[in-house]
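The basis for the numbers below is simple: all heavy atoms, side chains too, and nothing from hydrogens, waters or symmetry mates. Throughout, a chain's letter reflects where its sequence line sits, starting with A, and its residues are numbered from 1.
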Number of protein chains: 2
Amino acid sequence: MTATIKDVAARAGVSPSTVSRVISNHPRISEKTKREVRAAMEELGYHPNMLARSLAKKSSDAIGVLIPSTTEEFFMNPFFPEVLRGITDVAKREGYDLLLSTSDSGKEDVRSLTRMIHGKRVDGVLLLSSRMQDPLMQVLQENPFPATLIGRPEINLPISWVNNNNVEACYQATRHLIGLGHKRIGFLGGDETFVVTRDRLQGYHQALDEAGIPQDRRLMFASSFVEQGGYLGMTRLLALPDRPSAVVASDDLLAFGAMRAAGELGYRIPEDIAVVGFNNVRLTEMSNPSLTSVDVQIYELGVTAANLLIEQMRGGVLMDKHVIVPTQMVIRNSCGGRK
Amino acid sequence: MTATIKDVAARAGVSPSTVSRVISNHPRISEKTKREVRAAMEELGYHPNMLARSLAKKSSDAIGVLIPSTTEEFFMNPFFPEVLRGITDVAKREGYDLLLSTSDSGKEDVRSLTRMIHGKRVDGVLLLSSRMQDPLMQVLQENPFPATLIGRPEINLPISWVNNNNVEACYQATRHLIGLGHKRIGFLGGDETFVVTRDRLQGYHQALDEAGIPQDRRLMFASSFVEQGGYLGMTRLLALPDRPSAVVASDDLLAFGAMRAAGELGYRIPEDIAVVGFNNVRLTEMSNPSLTSVDVQIYELGVTAANLLIEQMRGGVLMDKHVIVPTQMVIRNSCGGRK
DNA sequence: ATGAAAGCGCTAACAG
DNA sequence: CTGTTAGCGCTTTCAT
């Protein structure tokens, strides 16, 4: 049987509460007993039972991370490990463990979130994306619980979040292409139900409007955030009688797929068609040609979200702070023009 | 205050134990009370406290995943999300949550593992890599606890693991190059303390020996599993007066770095120097030239490891099963020769 | 089929 | 500075 706090207490000739105090480094406890208790713990190979501790303390020192139900898609995108790296670094520094939810498809992630919220196994929750009319936001609205979103809620919600200014960023990206002389510019978006897709699309629209370029529905293609989607989208765009001369892709993976499609059909990039992506994942430097991309500072998003969440959990009060992480367009070789 | 099992009991006019039975779907409980209890739960918005449940049941329905302390390096490699995807899929299917350890550098991950083992927050642990004289293996040896390793322990240990036959796989890869007529073949390895690096190096040696090609220490370069390491290694290899005409890299990222270095120095791949990598990450298809790589079935490794672990946790008995996931070399354009 | 009672291992007032 | 006493919310014998 593994040793409990009582065993240690008995061994050290003190009461359980004293042992408890030693564990949590209570200030007013004599050095002597501290040493004795520690010795007893050592001898008995004692390790605290975190469950019992959490149950009594009503806090678990763990952060829940809600993995969107579309596991495959999500894990496939370099965004995920990078944002998780940011989260992990903060969690580690602040002494929190990470609990990954493992929701099944669709409706399941509502249940997953509710379980996280009510199950008491985590002190707060991190959401990694948001959709239009996201039922998760509903849940958060109805259940006061420390939570932070990476992205932004579609509607105004009393929840803290970290986001990029996606409208502005995509506006800039599109302007860049316009500045290069392009008039017919395509848009490859990820899943339309994601808020981020909508925002970027809006930025694209803004830039076109401002330049007096008419909108053309045929130039906009949405799929999921994977390479395949970009491939498909680009193929469709190139099949148009009046094909675009440039494309802004709302994710680097989409851009890569687009570039592959173009390449296979014999178009050169950037001479025949310019491409700009989003996220600035490592791959952008290595692709051929290297991909001009909007750096959204994924790692930073993760770090900021984790910090915001922890601040809430510690403060014991829910906040609706929001932080905008600046973006920056990194010019490479997929657009031609200035280098 | 959130509703507890007692509240539900009171509301439904039954005892707490009955409610508990309803929750765990106990067989002999009348449909009628079941319905009534469920109704009461609904009305009160009751959700079980997982901590209390775990404490009483002495099991948490969670799997611990030990992230190696070198966070950055690890997250950067596409291996990680892919193996995690496999793990997640199984965990989700079997109803387990995932607890990511967040150990700090060096010695910390021993502590992290011990905490996982004794903290009772997880029912089993998944290790994602193993080193030579790995202190973690020590810990596992001394503390009987369900654990599964992806990789293999350096020495024989009563622990279950999933691995590739890395010696054989690298032997094959090297033979492939030899078969293509290469006589001077370099080896770019990851961190030498990893067992997997050693195994692949051994396969490389075997192939050379068998072909009567003398070993040359200068042809072997080890660094970490990142692109930068491959870049550095290749640069060094190419600086040799008698440079190799081919290189086997023990990780695709290393191979990409190597290709970049070669390219920048004006060497063509595969004409001037052939390259083969390991892992067959998605990127291999997209690089230029596409990279010949050994498919180790990362996802499968994750799935198998999770299954093995769950089997142990459920069986209540520690095992030392081990499974070898087959590898397959995927020929692309980085080696020339047959296509 | 259901209830009563005794914990699971720890923390947190409240005393002293 | 330390001990006593109640729980935290749930499961699980043991009765009935």
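- Distance B:K57 NZ to C:dG9 C1': 17 Å, rounded to the nearest Å.
- For A:P81, the side-chain contact (heavy atoms from CB on, under 4.5 Å) test picks out B:F80, B:P81, with sequence neighbours left out.
- We find that CD1 of B:I5 is positioned 6 Å from C1' of D:dC10, with the value rounded to whole Å.
- Listed by first then second residue, pairs satisfying salt bridge (charged side-chain N to carboxylate O under 4.0 Å, His left out) with a partner in residues 302-323 of chain A read A:E94-A:R314, A:E311-A:K321, not counting sequence neighbours.
- The 5' end of DNA chain C is approached more closely, in terms of each residue's nearest nucleotide, by B:K34 than by the other of B:A56 and B:K34.
- A distance-only check finds no donor-acceptor pair linking the side chain of A:S20 to the backbone of A:P16 [under 3.5 Å].
- A:L51 places its CG atom 15 Å from the C1' atom of C:dG7, with the value rounded to the nearest Å.
- No option in A:V303, A:L309, A:T304 other than A:V303 meets the side chain to side chain contact (heavy atoms under 4.5 Å, CB included) test with A:V90.
- Atom CZ in A:F75 sits 9.0 Å away from atom CD1 in B:I87 (nearest 0.5 Å).
- One finds a side-chain N or O of B:S20 lying less than 4.0 angstrom from the OP1 or OP2 phosphate oxygen of D:dT11.
- One end of the helix from C:dA1-D:dT16 to C:dG16-D:dC1 points its axis 30° away from the other end's axis, with each axis taken from 5 pairs and the angle rounded to 10°.
- A close approach under 4.0 Å does not occur between any side-chain nitrogen or oxygen of A:S15 and OP1 or OP2 of D:dT4.
- For A:P78, the side-chain contact (heavy atoms from CB on, under 4.5 Å) partners two or more places apart in sequence, or in a different chain, are A:L253, A:V281.
- The side-chain contact (heavy atoms from CB on, under 4.5 Å) check on B:Q138 picks up B:Q141, B:E142, with sequence neighbours excluded.
- Note on B:K58: a side-chain N or O is less than 4.0 Å away from OP1 or OP2 of C:dG9.
- As rounded to whole Å, 18 Å separates atom P of C:dC10 from atom NE2 of A:H26.
- In this structure, A:E154 has no salt bridge (Lys or Arg N to Asp or Glu O under 4.0 Å) partners at least two apart in sequence or on a different chain.
- Atom P of nucleotide C:dA1 and atom CD of B:E36 are separated by 15 Å, given to the nearest angstrom.
- Residue B:K120 has no polar side-chain atom (N or O) positioned under 4.0 Å from OP1 or OP2 of C:dC8.
- Proximity of residues 39-50 of chain B to DNA chain D (heavy atom under 4.0 angstrom from any strand atom) is restricted to B:Y46, B:P48, B:N49.
- For A:E42, there are no salt bridge (Lys or Arg N to Asp or Glu O under 4.0 Å) partners at least two apart in sequence or on another chain.
- Using a 4.0 Å cut-off, some side-chain N or O of B:T33 falls inside it from OP1 or OP2 of C:dT2.
- When distances are taken from the side chain of B:T4 to each of D:dC10, C:dG3, C:dG9, the shortest belongs to D:dC10.
- Separating the CG atom of B:L55 from the P atom of C:dA6 is a distance of 18 Å, rounded to the nearest angstrom.
- By the salt bridge (Lys or Arg N to Asp or Glu O under 4.0 Å) test, A:D61 pairs with A:K57, sequence neighbours left out.
- B:V14 comes within 4.0 angstrom of the backbone, heavy atoms only, and of no base.
- Contact between the side-chain N/O atoms of A:T18 and the OP1/OP2 oxygens of D:dT2 is not found at any separation under 4.0 Å.
- Counting only N and O atoms by type, the side chains of B:N143 and B:H118 include a donor and acceptor under 3.5 Å apart.
- The listed nucleotides are D:dT11, C:dC8, C:dT2; the one nearest the side chain of B:S30 is C:dT2.
- By the salt bridge (Lys or Arg N to Asp or Glu O under 4.0 Å) test, B:D191 is found to be paired with B:R131, residues two or more places apart in sequence or in another chain being considered.
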Interface polar pairs with nucleotides 13-16 of chain C, N/O, under 3.5 angstrom:
from, atom 1, to, atom 2, distance (Å)
C:dA13, N6, A:R21, NH2, 3.1

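- Going from atom CD1 of A:I29 over to atom P of C:dT11 covers 12 Å, rounded to whole Å.
- With sequence neighbours excluded, the residues forming a side-chain contact (heavy atoms from CB on, under 4.5 Å) with B:R21 are B:S17, B:T18, B:H26, B:I29, listed by chain and number.
- Rounded to an integer number of Å, the gap from B:R121 CZ to C:dC8 C1' is 17 Å.
- Between B:R53 and the phosphate of D:dT11, there is a side-chain N or O to OP1/OP2 separation shorter than 4.0 Å.
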